[in-house]
Amino acid sequence: MVTISESEVLENKRVLDLLFSYMPKIAAERKMENLLVLMADMGRSIVMADRCSLWLIDEDRGELWTKVAHGVNELRIPIAAGFVGWSVKNGLPVLVDDAYLDPRFDRRSDGKTHYRTTSVMAVPLFDSQGKVMGVFQAINKQGEQKVFSRQDLERLTLTAVYSAKTVESARLTSEVEESKEELEATQEELIHVLGDISESRSHETGDHIQRVAEISYKLARYYGVSEEEAVRIRLATPMHDLGKVAIPDAILNKPGRLTEGEFEVMKSHALKGEELLLKSKRDLLRFAAVVAGSHHERWDGCGYPRGLEGDEIPLAGRICAVADVLDALASPRCYKAAWPEEKIREEFIKQRGTQFQPELVDALVEHWDDIFACLRQVRAEANTPRF
Ligand code: C2E
Ligand code: SIN
Ligand code: SIN
Ligand code: FE
Ligand code: FE
């Protein structure tokens with residue numbers, strides 16, 4: 001029968017308390033560097049060491065790296081150095097009373113820092129495949145004994161098992177998040193490139209595309225669309241006129257009214273844009289195709305290219321139609337001067353329920369000053385040089 005002394009019971013309780021106090025902090029931390037510091041702190045308290053560090057293997061560089069509290073940079077050592085190197089190489093723990101009596105000790109580590117290493121423990125960390133991924137190291141036992149016990153080694157081993165799982169799951173999470181962020185960044189970049197291409201072809205002044213995107217976002221929010229969907233609309237609307245890249249220059253930039261025949265050609269930009277964007281498999285670009293193909297439909301069914309009516313028209317297209325005309329009227333074009341603000345407002349009220357969905361005109365009129373200010377602000381920003 002195994003008997004446990006009273007001091008051991010107390011000691012186990014102390015270790016458990018420590019574990020429970022660190023676990024929530026560790027679970028809430030997502031940055032790997034901060035995790036290493038937290039777990040090293042926890043290990044140091046559990047085994048009552050003067051110093052403790054959690055080293056991870058960097059395979060590409062053949063090194064071990066760690067981060068210490070208050071340290072600016074990460075620390076790096078060769079993968080085969082000292083006790084930690086031995087532990088990594090052999091997948092075995094180290095328990096040493098006096099480092100200077102052991103040939104595995106790398107004295108350079110003390111030499112550089114004027115620190116005197118005596119007792120040492122090192123325990124390898126294994127990933128879920130059983131491969132060594134790092135090592136937990138504790139230096140200089142505090143208290144009366146001055147050396148680490150077998151129980152300390154067991155406790156550090158347990159801490160290492162827990163730490164290995166934490167590091168592994170933190171790595172998985174950050175990989176997923178990074179690839180998600182990267183994908184979104186790529187999409188946004190593509191959208192702006194496509195938007196710039198269509199804008200540069202049609203010689204429109206200022207950043208029509210950017211203004212239509214911002215106004216569409218605001219209208220969507222005022223209309224009651226969720227934040228997430230409004231952001232999607234803001235990302236998709238910059239491509240509404242992408243199809244203009246297929247319109248001959250003589251028509252696109254004609255400094256006067258278009259003939260009927262020319263306007264028929266001009267109208268093809270809606271379907272052309274839709275067709276170009278549908279070549280993509282990306283959700284966002286396919287959503288932009290819907291906007292391009294529906295931004296000239298009218299609520300009364302007299303628009304183009306399909307003559308859709310009312311809520312047959314995709315909401316994002318209805319919203320983009322309002323934003324597009326608002327900006328077209330407020331801006332000078334090769335064929336017309338900018339309209340005064342009050343005349344624009346009257347035009348929208350006149351077109352309520354004919355060209356535009358009544359509720360969208362209501363939202364626009366109710367928040368007129370804010371939306372019009374947004375139009376001016378984007379224009380001011382667009383007139384300052386960009387790089
Ligand atoms: P845009 O200049 O960006 O105009 C977008 C939309 O704003 C127009 O779609 C129209 O609904 C509205 N809009 C623009 N200016 C006026 C206006 O003076 N009065 C009224 N009531 N609405 C206006 P729309 O008509 O389908 O035109 C599509 C695009 O075709 C225009 O984009 C522009 O690039 C071109 N376009 C239309 N008419 C002419 C024209 O007479 N001359 C030239 N050169 N281009 C034109
Ligand atoms: C929307 O999601 O706002 C409308 C788009 C669509 O109906 O395709
Ligand atoms: C634009 O406002 O640049 C063009 C709008 C359109 O094609 O209607
Ligand atoms: Fe258009
Ligand atoms: Fe437009």
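All ligand and atom numbering here is 1-based and tracks the order in the structure.
- Cation-pi geometry between Arg318 and Tyr223 is not satisfied (NZ or CZ under 6.0 Å from the ring centre, within 45° of the ring normal).
- Angle OD2 (Asp241) to the Fe ion (ligand 5) to OD1 (Asp324): 170°, rounded to 10°.
- With the Fe ion (ligand 4) as the vertex, NE2 (His269) and NE2 (His296) define an angle of 90°, rounded to 10°.
- Between His240 and His269, the gap from one ring centroid to the other reaches at least 6.0 Å.
- Polar contact with ligand 1: present for Arg333 (N/O pair, distance under 3.5 Å).
- The N/O atoms of Lys336, backbone and side chain alike, include none that comes under 3.5 Å of an N/O atom in ligand 1.
- You'll find the side chain of Glu63 stays beyond 4.5 Å of the side chain of Trp55, heavy atoms only.
- The contact set between ligand 1 and Ala328, taken as ligand atoms under 4.0 Å from a residue heavy atom, comprises 3 (O), 4 (O), 5 (C), 7 (O), 14 (C).
- Put simply, the side chain of Asp41 does not reach to within 4.5 Å of the side chain of Cys52, judged on heavy atoms.
- At least one heavy atom of Glu347 sits closer than 4.0 Å to an atom of ligand 1.
- When non-hydrogen atoms are compared, ligand 1 lies under 4.0 Å from neither the backbone nor the side chain of Asp241.
- Heavy atoms from other residues, nucleotides or ligands lying under 6.0 Å from CZ of Arg108 number 12 at most.
- For the pair Gln355 and ligand 1, a heavy-atom separation below 4.0 Å is found.
- For Lys244, the closest heavy-atom approach to ligand 1 falls below 4.0 Å.
- Between the Fe ion (ligand 4) and the N, O or S atoms of His295, the shortest distance is to NE2.
- Ionic pairing of Arg345 and Glu347 is not present here: no N-O contact between side-chain nitrogen and carboxylate oxygen is shorter than 4.0 angstrom.
- Among Tyr304, Tyr335, Phe263, the residue whose heavy atom lies nearest to atom 26 (O) of ligand 1 is Tyr304.
- Between the Fe ion (ligand 5) and Cys320 there is no N/O/S contact shorter than 2.8 Å.
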Is there a salt bridge (Lys or Arg N to Asp or Glu O under 4.0 Å) between Arg171 and Glu168 once you walk through the steps?
CA-CA 5 Å; Arg171 275 181 180 161; Glu168 244 189 339; over 6 Å; no
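- Distances between N or O atoms of Gly256 and those of ligand 1 include at least one value under 3.5 Å.
- The side-chain contact (heavy atoms from CB on, under 4.5 Å) test with Met121 is passed by exactly one of Phe148, Phe136, Phe83: Phe148.
- For ligand 1, none of its N or O atoms has an N or O atom of Asn253 under 3.5 Å away.
- Checked by distance only, ligand 1 and Met266 stay at 3.5 Å or farther apart across all their nitrogen or oxygen atoms.
- No salt bridge links Arg286 with Asp283; every basic N to acidic carboxylate O contact stays at or beyond 4.0 Å.
- More than 12 heavy atoms of other residues, nucleotides or ligands shown are found within 6.0 angstrom of CD on Glu227.
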